[in-house]
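Scope of the values below: all heavy atoms of this structure, side chains included, with no hydrogens, waters or symmetry mates.
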Amino acid sequence: MTDQTTAPTYARPSGIPVPGAAVYPGLDDWRQLVAAQQPTWTDSPDFAPTVTELSSLPPLVFAGEVDVLRSRLAQAAQGKAFLLQGGDCAETFEAATADKISSRVKTILQMAVVLTYGAQLPVIKMGRMAGQFAKPRSSNDETRDGVTLPAYRGDIVNGYAFTSESRRHDPARMLKAYHTSASTLNLIRAFTQGGFADLRLVHEWNRGFTSNPAHSRYEKLAKDIDNAIKFMASCGADFEALKRVEFFASHEALLLDYERALTRIDSRTGLPYDTSAHFLWIGERTRDLDQAHVDFLSRVRNPIGVKLGPTTSPDDALRLIEKLDPNREPGRLTFITRMGAKNIREKLPNLVEKVTASGAQVLWVTDPMHGNTVTSPNGYKTRNFDDVIDEVRGFFEVHRALGTFPGGLHVEMTGDDVAECLGGADPVDQEAFLTGYESVCDPRLNHKQSLEMAFLVAGALGQSK
């Protein structure tokens, strides 16, 4: 069971009629359960019209795309592919510009090239993008200078500005989130299918990274990749896989009103798909087996992830498997571990051993960010790059010792040169936070730190083979 002592919970009044986007047995059973981390807006006159409109809008992703992703994740669960999942801690409407979206996609593509070479496996590219607008909070309120207002829960719920109007829970923001996600997905599809993702171009970007003296230790790997690309070119290789890539969208399925409204019945199969994203995950704060998030996501066909922190017991994991993946379908369930560098080597082995012994074929992914959050001496929420990397190393060490496959990496990152996480080969110090800290929620790796991580993980992947 998860620790709910500081997480506000709300039980939806059963008498409020809420239009649904799809009719399917059990799809609304979650409404009778406790739903953690939800907004308090069902009495708003804008609530029902907003949900009705969302229920009638076109899907953001398509069931066929979701099925493709599930098959790719099945390969990763079987040790035949590797998942790279990265993006903002909390997307904002203001930052959904072409430049910022392209820089984020560009960074993920750069990381993927390095990881593909290191793993000698296909890399599944997935963004925490086009829907990562809701954030869980440890407290329902925030107090500044004696003034208490509702906590910021992401742009889909309320605004970041510390005013009563901005912090009001506004259901109409769900429509803004939908349209911002649609625009973001449109750009992502253009970038990944229109030449921007050409392997040769992406590698040229990485050569610029390794030319920096701070990153010179990665130059040999970059040269090896360069030689491989030149070899393909000399052989006349010009296949489509060099020019375009698959790119999938994901977010935490936190806001159940939004997720339910965007659920559709697939005309091919008659089954429900949550069309807000290809991949959805349940957070550490909302994975209680008897509550609403697990129940709702158990009923849609999307591949599902669950964040597992250091308090997770093997019994917790096995019960989640029974609920979310009763048919033991490879590609259906991903466990995203967020243990912290100090816990990973102690806490993860028993979990992996017991799950593996059960016969379940889940995909194991590391989130090295959330278990390593600290406060800098000058008061900023941050993470030490060395701790982040140490958790990744520990994740690989555990799986190597057990003979299981370390199947993926889940990181909060940006394509911009922000200063939010301490350290790295081209180091960020706390004084840089004064001008370079931009996150509205959690600290992210910047562009250089993200690429450095990719080179380090590529080396670990090579050792795992």
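- Under 4.0 Å is where a charged nitrogen must lie from a carboxylate oxygen, and between Glu452 and Arg217 at least one such pair does.
- Between Asn212 and Asp426, some side-chain heavy-atom pair lies under the 4.5 Å cut-off.
- The side-chain hydrogen bond (donor to acceptor under 3.5 Å, both in side chains) with His251 is formed by just one residue from the set Glu91, Glu259, His278; it is Glu259.
- Other residues, nucleotides and ligands place more than 12 heavy atoms under 6.0 Å from the NZ atom of Lys106.
- Other residues, nucleotides and ligands contribute only 12 or fewer heavy atoms inside 6.0 Å of the NZ atom of Lys342.
- For Glu142, the CD atom sits in a packed shell: over 12 heavy atoms of surrounding residues, nucleotides or ligands are nearer than 6.0 Å.
- Side-chain contact between Tyr218 and Leu451 is absent, with no heavy atoms from C-beta onward closer than 4.5 Å.
- For the pair Arg264 and Tyr273, the cation does not sit on the ring face, since its NZ or CZ is not both under 6.0 Å from the ring centre and inside 45° of the axis.
- Across Lys100, Arg104, His447, a single residue satisfies side-chain hydrogen bond (donor to acceptor under 3.5 Å, both in side chains) together with Asp416, and that is Lys100.
- Checked against Leu324 for a side chain to side chain contact (heavy atoms under 4.5 Å, CB included), the options Thr334, Val294, Val362 give a single hit: Val294.
- Checked options Arg444, Gln132, Arg128; the residue passing with Asp88 is Arg444 (criterion: side-chain hydrogen bond (donor to acceptor under 3.5 Å, both in side chains)).
- A salt bridge links Asp367 and Lys307; the closest N-O separation between the charged side-chain nitrogens and carboxylate oxygens is under 4.0 Å.
- When each of Glu420, Glu412, Met369 is paired with Asp442, the side chain to side chain contact (heavy atoms under 4.5 Å, CB included) condition holds for Glu412 and for no other.
- Side-chain atoms of Thr373 and Lys381, non-hydrogen and from C-beta on, do get closer than 4.5 Å to each other.
- In terms of heavy atoms, Val61 sits closest to Val66 at CG2-CG2, 4.1 Å.
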For this session: Walk me through it: do Trp281 and His410 pass the test ring-ring contact (aromatic ring centres under 6.0 Å, His included)?
Result: CA-CA 11 Å; Trp281 76 84; His410 178 119; 5.0 Å; yes

